[in-house]
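Have a look at the structure below before the remarks.
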Amino acid sequence: MKPFDYFKKTFIGVFVFIIVYKIVIELFEGLSGFTLEFAFKLLLTAFFTALTLGVLNYFFKLDISKKKNNT
């Protein structure tokens, strides 16, 4: 797999996970927390966290979803 593929898989996975996690937590606390400021902070936090982890995985090339054959 190409190094950029590691970056893409990590970036997309982390970005989606953070957004879904934060929205579900906010739903349990109440709908009053959904504001434009919350959405902006959520997108920025998810983007920079995913970018950082994606860059690290670009260099270390850890493939968590790879299946190993035990034959």
Side-chain angles (χ1 to χ4, degrees):
M1 196 162 43
K2 297 176 188 174
F4 191 68
D5 291 339
Y6 289 102
F7 172 79
K8 287 191 301 189
K9 286 175 71 173
T10 305
F11 182 85
I12 292 170
V14 171
F15 188 75
V16 169
F17 174 78
I18 290 174
I19 289 178
V20 170
Y21 174 77
K22 286 294 212 176
I23 289 175
V24 169
I25 293 298
E26 236 3 84
L27 284 174
F28 281 119
E29 292 180 0
L31 293 175
S32 63
F34 281 95
T35 61
L36 187 59
E37 181 183 0
F38 169 75
F40 185 67
K41 285 182 181 180
L42 174 62
L43 288 175
L44 280 178
T45 303
F47 178 77
F48 284 116
T49 304
L51 183 66
T52 303
L53 292 175
V55 168
L56 287 173
N57 202 16
Y58 178 83
F59 293 110
F60 294 124
K61 298 175 184 71
L62 301 173
D63 194 9
I64 297 171
S65 64
K66 184 178 177 182
K67 294 181 181 180
K68 296 180 182 179
N69 292 335
N70 293 332
T71 54

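Just so we're clear, the structure is a prediction, and the values are computed from it rather than from any experiment.
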Does Phe38 have more than 12 heavy atoms from other residues, nucleotides or ligands lying within 6.0 Å of its CZ? yes
Distance col, row Lys22:NZ vs Leu43:CG, nearest 0.5 angstrom, shows 12.5 Å
Taking CZ in Phe34 as the centre, count heavy atoms belonging to other residues, nucleotides or ligands within less than 6.0 Å. Is the count above 12? yes
Distance check, rounded to the nearest 0.5 Å: Leu51 atom CG versus Thr10 atom OG1? 11.5 Å
Of all the heavy-atom pairs spanning Ile18 and Ala46, show the shortest one and how long it is. CG2-CB, 3.7 Å
Taking atom CD1 as the centre, does Ile25 end up with more than 12 heavy-atom neighbours from other residues, nucleotides or ligands that are less than 6.0 angstrom away? yes
Thr49 side, atom OG1; Leu44 side, atom CG - distance, nearest 0.5 Å: 10.0 Å
What's the shortest heavy-atom distance between Thr52 and Phe48, and which atoms? OG1-O, 2.8 Å
Rounded to the nearest 0.5 Å, what separates atom OH in Tyr58 from atom NZ in Lys2? 11.0 Å
Where does the angle between the aromatic ring planes of Phe11 and Phe7 fall among parallel (under 30°), tilted (30 to 60°) and perpendicular (over 60°)? parallel
Please determine whether a side-chain nitrogen of the Lys or Arg among Lys41 and Glu37 lies less than 4.0 Å from a carboxylate oxygen of the Asp or Glu. yes
With hydrophobic residues grouped by side-chain heavy-atom distances under 4.5 Å, do Ile23 and Leu36 end up in a single group? no
